[in-house]
Visitor: 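One structure, as structure tokens, below. Some questions next.
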Amino acid sequence: MVRAAIPTATGRARSAPLGFAAGGAVGVLGGMIGLGGAEFRLPLLIGLFGFAALSAVILNKAMSLVVVLTALPARLAAVSFTDLGAHGAVALNLLAGSLLGAWAGASWAVRMRSATLYRVPAVLMAAMAAALVLTHTTALGSLSLSLPLPVRVVAGVVAGFGIGVVAAIMGVAGGELLIPTIVLLYGIDIKAAGSLSLLVSLPTMLVAFARYSRDGSFAVLGANLRFTAIMASGSIAGALLGGLLLGTVPDTVLIPALAAILLISATKVAHHAHPDGDAGTSP
């Protein structure tokens with residue numbers, strides 16, 4: 001198959017103020033719920049800036065990596081390495097699955113037909129909207145006492161694999177899935193779970209990034225490096241602002257609004273699918 005030309009950001013997408021503002025808006029949304037917001041960035045890369053699905057996923061992954069690297073020191077200031085060290089086995093358990101899932105997800109993404117690569121993230125965004133509502137409106141219990149250790153270990157590997165696949169295909173860090181998994185499966189408090197999720201996310205993203213770098217579509221990052229840096233900077237600034245605004249908007253208003261944004265975005269991304277497209281397929 002002949003791969004389509006690597007698209008570069010054109011027109012409005014070359015506008016530094018627009019890229020920074022869009023990244024900032026994403027960061028604020030994510031910061032207000034304690035996430036990076038990459039799930040909101042992906043539809044903007046596709047709908048507002050006109051990137052093809054695979055290119056958007058690669059750019060989103062690069063920006064997510066920058067945001068996580070920036071957020072990690074701040075999280076470690078709140079939860080020390082000593083505290084996290086007590087949960088090192090949990091991180092390793094999830095990583096055993098997520099690293100494989102990240103490689104597999106990225107491999108599938110570069111081989112998918114273009115139409116499929118639009119539809120899959122759209123479905124995943126809809127699922128994330130449901131997960132967002134569920135995790136913020138339901139008190140998560142813990143399975144750590146009811147599941148035998150071997151079962152919990154296997155469940156951790158399976159959950160990690162699925163999270164790695166989703167994170168690779170959408171170009172996100174995966175915290176929106178990792179945090180409830182850590183709380184539910186291992187009974188760890190949500191503050192420590194947030195920091196643990198970053199420790200799992202970082203190597204998982206690096207593996208997906210390494211797999212994408214083996215594909216010709218990775219050239220989109222070099223062609224749009226300035227745009228990527230500007231939008232990532234906006235995301236970081238927005239996340240800091242969103243963190244300061246945390247709690248100012250009631251969850252009863254914020255969560256349904258964010259879920260609605262994800263559902264609308266999912267619909268718009270799905271509409272970009274073209275039955276005959278093959279830009280996401282390796283030659």
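Since we're looking at a predicted model, the values are computed, not measured.
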Visitor: Does any non-hydrogen side-chain atom of V153 lie less than 4.5 Å from one of P150?
Guide: no
Visitor: Quick one: does L196's side chain get under 4.5 Å of Y186's, heavy atoms only?
Guide: no
Visitor: Does any non-hydrogen side-chain atom of F209 lie less than 4.5 Å from one of S213?
Guide: no
Visitor: Would you give the length of the straight line joining atom CE of M63 to atom CD1 of I236, rounded to the nearest 0.5 angstrom?
Guide: 11.0 Å
Visitor: Please confirm whether F51 and F227 have ring centers closer than 6.0 angstrom.
Guide: yes
Visitor: Do the side chains of L149 and R152 get nearer than 4.5 Å, heavy atoms only?
Guide: yes
Visitor: Between R211 and S107, which heavy-atom pair has the shortest distance, and what is it?
Guide: NE-OG, 2.8 Å
Visitor: Ignoring hydrogens and angles, tell me if any N or O in the side chain of K61 forms a donor-acceptor pair with the backbone of V172 under 3.5 Å.
Guide: yes
Visitor: What closest approach, in Å, do F40 and L258 show between heavy atoms, and which atom pair accounts for it?
Guide: CE2-O, 3.8 Å
Visitor: Taking side chain as C-beta onward, heavy atoms only, is S201 less than 4.5 Å from L178?
Guide: yes
Visitor: I need the minimum non-hydrogen distance between A208 and A168, along with the two atoms involved.
Guide: CB-CB, 3.9 Å
Visitor: Would you compute the distance between atom CD1 of I264 and atom CE of M125 and round it to the nearest 0.5 angstrom?
Guide: 12.0 Å
Visitor: Return the CE to CD1 distance between M32 and I255, rounded to the nearest 0.5 Å.
Guide: 9.0 Å
Visitor: Would you say that V110 contacts S217 through its side chain, given a criterion of any heavy-atom pair below 4.5 Å between the two side chains?
Guide: no
Visitor: Would you indicate whether the side-chain heavy atoms of V67 and S235 approach each other to under 4.5 Å?
Guide: yes
Visitor: Can you check side-chain contact (heavy atoms from CB on, under 4.5 Å) on L124 and V120, steps first, answer last?
Guide: CA-CA 6 Å; L124 293 176; V120 170; 4.0 Å; yes
Visitor: Give the minimum heavy-atom separation between G19 and I230, together with the two atoms involved.
Guide: C-CG2, 4.2 Å
Visitor: Is the side chain of N60 donor-acceptor paired with the backbone N or O of M170 at a distance under 3.5 Å, no angle test?
Guide: yes
Visitor: Which atom pair, heavy atoms only, marks the closest approach of T248 to L245?
Guide: OG1-O, 2.5 Å
Visitor: Name the one of L94, V68, L99 that satisfies side chain to side chain contact (heavy atoms under 4.5 Å, CB included) with T204?
Guide: L99
Visitor: For A53 versus Y118, what's the shortest heavy-atom pair and its separation?
Guide: N-OH, 3.3 Å
Visitor: How many angstroms lie between OG in S195 and NE2 in H87, if you round to the nearest 0.5 Å?
Guide: 10.0 Å
Visitor: Is there side-chain contact between L221 and L59, with at least one heavy-atom pair below 4.5 Å?
Guide: yes
